[in-house]
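Atoms considered below: every heavy atom in the structure, side chains included; atoms not considered: hydrogens, waters and symmetry mates. Note that the structure is predicted; figures quoted are calculated from it, not measured. Just so it is clear: chains get the letters A, B, ... in the order the sequence lines come, proteins before strands, and each one is counted from 1.
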2 protein chains.
Amino acid sequence: MATRAEVAKLAGVSEATVSYVITGNRKISIPVQKRVQKAMDKLGYRPNRMAQALAGGKSRVIALLFPTAARGVAHVDLEYGLGAAQAAQDLGYHLVMWPTLDRSVQEVIATAKSGLLDGVILMEVALHDERVEQLKDVGIAVGLIGRTATEFGDEVFADRDFDTAAHTALNYIAGLGHKEVAFLTEKTRGKPVVVAALTRTKQAMKAAGKLYGVNVKNFESTTDPDDGAKLLAPILDEIPKITAVISLNPGAMVGLLQETNSRGISVPGRLSLLSMATPESFVSATSPRLTTISPPAYEMGDSAARRLIAHLEGTGVENLPPQLWAGELVVRETTGPAQA
Amino acid sequence: MATRAEVAKLAGVSEATVSYVITGNRKISIPVQKRVQKAMDKLGYRPNRMAQALAGGKSRVIALLFPTAARGVAHVDLEYGLGAAQAAQDLGYHLVMWPTLDRSVQEVIATAKSGLLDGVILMEVALHDERVEQLKDVGIAVGLIGRTATEFGDEVFADRDFDTAAHTALNYIAGLGHKEVAFLTEKTRGKPVVVAALTRTKQAMKAAGKLYGVNVKNFESTTDPDDGAKLLAPILDEIPKITAVISLNPGAMVGLLQETNSRGISVPGRLSLLSMATPESFVSATSPRLTTISPPAYEMGDSAARRLIAHLEGTGVENLPPQLWAGELVVRETTGPAQA
DNA sequence: TTGAAAGCGCTAACAC
DNA sequence: GTGTTAGCGCTTTCAA
């Protein structure tokens with residue numbers, strides 16, 4: 001682990017010059033650059049990040065908060081994390097995994113104050129998410145996967161494009177002749193927070209339903225597949241006109257699908273099933289395989305990280321990936337024409 | 001962001017004394033301890049981690065390498081990561097997510113040399129895993145989820161107890177009257193590495209098969225569910241005596257299950273299915289739900305991290321969680337008595 | 001039982 | 001275009 005002093009000596013320049021060659025923050029003559037570069041290569045020099053962080057006041061480390069309580073951790077969270085971690089790495093940053101049981105940001109704040117963390121990425125964002133204020137109040141940069149009620153202010157985020165997703169879903173479903181659709185969401189009574197995505201999707205589905213002449217009725221369930229299964233009877237018996245189910249609740253959706261299988265109800269003959277929140281890797285386990293229009297989690301994680309880092313560095317917002325992602329409709333085996 | 005100097009001043013002691021109160025590396029009189037503590041509380045003092053790292057030569061940061069190429073990233077990897085991250089946090093460490101496309105450790109080594117990383121946790125360990133040597137050669141501490149061929153040397157790892165897992169599986173299967181069993185593994189021809197778990201499980205299954213009087217025949221497939229599906233015909237037609245399938249290949253297993261569904265083959269009537277590698281969160285998506293005996297990934301991640309950190313700190317190995325984990329048999333809907 | 005002080009390896013302001 | 005130097009906030013040795 002060569003130090004800057006050794007490089008400077010070998011290159012016959014001052015230590016500062018070595019630093020300036022690295023950062024490019026100063027004009028250095030080509031010959032000197034070459035000499036310094038050669039010395040660094042020969043010594044296998046890497047600047048000490050801890051010294052950089054101490055002297056420069058930034059660690060180039062960000063944290064990704066995993067809310068582990070809410071509903072267990074979903075696979076989609078891993079994909080957010082992978083996208084964000086890869087982006088961070090590409091930009092010379094690092095991403096630490098930060099599991100939180102209770103959505104408390106106490107400890108992250110303390111750690112940021114200790115100089116380890118330059119910023120934080122939040123998931124499962126609520127419309128009015130106090131974590132955002134708490135973090136910003138103490139000067140910690142915040143990036144969101146999701147977004148609060150703030151209407152496109154200065155928030156740093158990547159989120160789903162709920163309107164487009166809802167339109168895509170209902171356009172497709174209406175095109176198959178479905179007129180009466182159940183919309184399956186997560187039960188939030190008694191929950192400490194309502195994730196903004198839920199509210200936004202509900203609104204978007206309502207609007208899109210009107211647009212495409214589809215009657216959308218909301219059903220709620222926990223994320224437990226067994227609870228989803230219990231919804232099949234009410235949907236089919238009480239409201240026989242319903243021929244399709246669109247779900248924002250992946251757990252309930254797979255339960256519902258299992259129940260159709262075990263009760264011998266034809267999917268998609270009697271009932272079409274479309275999931276708006278099931279990661280692809282999960283789909284392979286369902287049978288028949290779910291038609292989905294799911295968020296591109298890896299890309300959203302990438303976008304959130306790049307945006308947060310751009311914010312930290314004061315870089316412009318050109319050349320950044322999109323903020324809003326609709327997700328692609330992937331037609332598989334659970335959707336088909338409405339029955340006559 | 002109070003500094004140590006401010007604390008020292010407020011407490012009326014030297015800066016060194018503040019440090020010693022924190023680390024406990026020196027005997028400090030009770031009254032002084034109290035004064036320092038009070039000053040720290042009042043100022044909300046947190047030692048600067050970058051300064052600690054620079055002066056102390058350790059960052060208290062470890063990385064978890066996610067091999068993203070091999071087979072996509074599995075959900076089980078998230079659980080390893082969560083367990084490891086939580087353990088790290090509990091011990092005052094932090095865990096950075098490190099996606100790697102190609103199992104190269106070049107970049108991690110460079111980053112460790114830069115002082116950011118004290119150690120590394122590896123997954124998908126091969127019997128002869130060159131990464132381990134490469135890292136150790138440059139003095140980076142290594143922890144494994146899995147293990148190499150080294151017979152219980154000084155390796156720091158948490159791994160499955162393949163023998164117990166195989167015994168549990170075959171004892172259960174034999175108890176149901178199955179005599180001829182297919183063992184489904186991942187095809188490794190052309191793969192750059194063979195994960196040690198595969199070799200070890202094959203051996204363990206062979207031995208356990210003998211013990212319980214079960215004939216175990218190995219089948220291979222990629223992890224693509226479609227490939228798994230294609231295995232159903234050979235298994236049933238060519239070797240009709242087979243009445244159960246045990247799988248170490250979760251992708252192929254769900255494909256097989258889907259194929260039984262679509263071909264109307266009764267599970268577990270005609271064929272019992274037991275997965276040795278499907279995380280619980282995944283099981284809820286299968287129908288019928290898979291019987292599993294899967295590795296306790298969260299706990300294994302926790303164990304690997306705690307062991308690595310104990311190694312870094314030179315702490316003893318008492319009070320550490322187990323190295324070997326068999327996993328619990330969870331009987332669900334895909335296993336039953338062998339047909340007559 | 002406590003204090004003083006020499007680093008740790010950088011960044012960046014200042015000087016030439 | 002390059003060098004000098006004062007920190008950044010700690011750990012730890014040496015001295016008292």
Side-chain angles (χ1 to χ4, degrees), chain A residues 1-37 39-40 43-61 92 110-118 312-314, chain B residues 1-37 39-40 43-61 92 110-118 313:
Chain A
M1 329 278 157
T3 71
R4 193 184 57 163
E6 306 175 41
V7 175
K9 200 156 101 187
L10 184 61
V13 298
S14 75
E15 295 193 27
T17 297
V18 175
S19 286
Y20 285 119
V21 167
I22 292 169
T23 61
N25 286 340
R26 183 189 259 187
K27 232 182 165 60
I28 305 282
S29 69
I30 307 290
V32 171
Q33 281 190 40
K34 287 237 161 92
R35 257 161 45 219
V36 170
Q37 195 60 55
M40 293 197 299
L43 296 173
Y45 171 70
R46 298 276 302 209
N48 183 303
R49 290 195 60 127
M50 297 300 132
Q52 286 183 313
L54 180 58
K58 329 128 171 323
S59 64
R60 306 191 128 224
V61 174
T111 305
K113 277 178 46 176
S114 85
L116 216 204
L117 258 31
D118 287 351
L312 286 169
E313 312 243 281
Chain B
M1 329 276 158
T3 71
R4 191 185 59 163
E6 306 175 41
V7 174
K9 200 156 103 188
L10 185 61
V13 298
S14 75
E15 296 192 28
T17 298
V18 175
S19 286
Y20 285 119
V21 166
I22 292 170
T23 61
N25 287 342
R26 182 188 262 186
K27 232 182 165 61
I28 305 283
S29 70
I30 306 292
V32 171
Q33 280 190 40
K34 288 237 162 91
R35 257 163 43 220
V36 170
Q37 195 60 56
M40 292 197 300
L43 296 172
Y45 171 71
R46 300 273 301 209
N48 182 304
R49 291 197 57 128
M50 298 300 130
Q52 285 184 313
L54 179 59
K58 331 124 170 325
S59 64
R60 306 193 126 223
V61 174
T111 304
K113 277 179 47 177
S114 85
L116 180 61
L117 258 29
D118 287 352
E313 313 243 282

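- Nearest nucleotide to the B/Val32 side chain, out of C/dC10, D/dG1, C/dT2: C/dT2.
- In this structure, the CZ atom of A/Arg49 is 17 Å from the P atom of C/dG9, given to the nearest Å.
- The B/Ser19 side chain lies nearest to D/dT12 when the options are D/dT12, C/dT2, D/dG9.
- Among the nucleotides D/dT2, D/dT13, D/dT4, the one closest to the side chain of B/Arg26 is D/dT13.
- Listed nucleotides: D/dG1, D/dC10, C/dG9. Nearest to the side chain of A/Ala55: C/dG9.
- At whole-Å resolution of the value, CZ in B/Arg46 and P in D/dC8 are 21 Å apart.
- With D/dC10, C/dC10, C/dA5 as the choices, the nucleotide that has an atom nearest any side-chain atom of B/Ala16 turns out to be C/dA5.
- When each of A/Glu15 and B/Ser14 is assigned the nucleotide of DNA chain C with its nearest heavy atom, B/Ser14 is the one assigned upstream, toward the 5' end.
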Review point. Passes side chain to side chain donor-acceptor pair (under 3.5 Å), B/Thr111 versus B/Ser114? Steps please.
Key: CA-CA 5 Å; B/Thr111 304; B/Ser114 85; 5.3 Å; no
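- Between B/Thr3 and D/dG9, a side-chain N or O to OP1/OP2 separation shorter than 4.0 Å is absent.
- B/Leu54 comes within 4.0 angstrom of a base, heavy atoms only.
- For B/Asp118 (side chain) and B/Ser59 (main-chain N/O), a donor-acceptor pair under 3.5 Å exists by modelled atom type.
- The interatomic distance linking A/Lys58 (NZ) with D/dG9 (P) rounds to 14 Å, in whole Å.
- C/dT2 atom C1' lies 15 Å from atom CG of B/Asn25, rounded to whole Å.
- The base of D/dT13 lies close enough to the side chain of B/Tyr20 for a donor and an acceptor atom to sit less than 3.5 Å apart.
- Rounded to a whole Å, the CG atom of B/Leu43 is 15 Å from the C1' atom of D/dG9.
- Distance from the side chain of B/Ala51 is smallest for D/dG9 among the nucleotides D/dT2, D/dG9, C/dG9.
- Using a 4.0 Å cut-off between charged nitrogen and carboxylate oxygen, A/Glu313 and A/Arg60 count as a salt-bridge pair.
- At least one donor-acceptor pair under 3.5 Å links the side chain of B/Gln33 to the backbone N or O of B/Ile28.
- Of the candidate nucleotides D/dC10, C/dG9, D/dT2, D/dT2 has the atom nearest to the side chain of A/Ser29.
- Between B/Met50 atom CE and D/dG9 atom C1' there is a gap of 12 Å when expressed in whole angstrom units.
- Put simply, CZ on B/Arg35 is 8 Å from P on C/dG3, counting in whole angstrom units.
- Between the B/Thr17 side chain and the B/Val13 main chain, no donor and acceptor come within less than 3.5 Å of each other.
- Atom NZ of B/Lys9 is separated from atom P of C/dG3 by 15 Å (rounded to the nearest Å).
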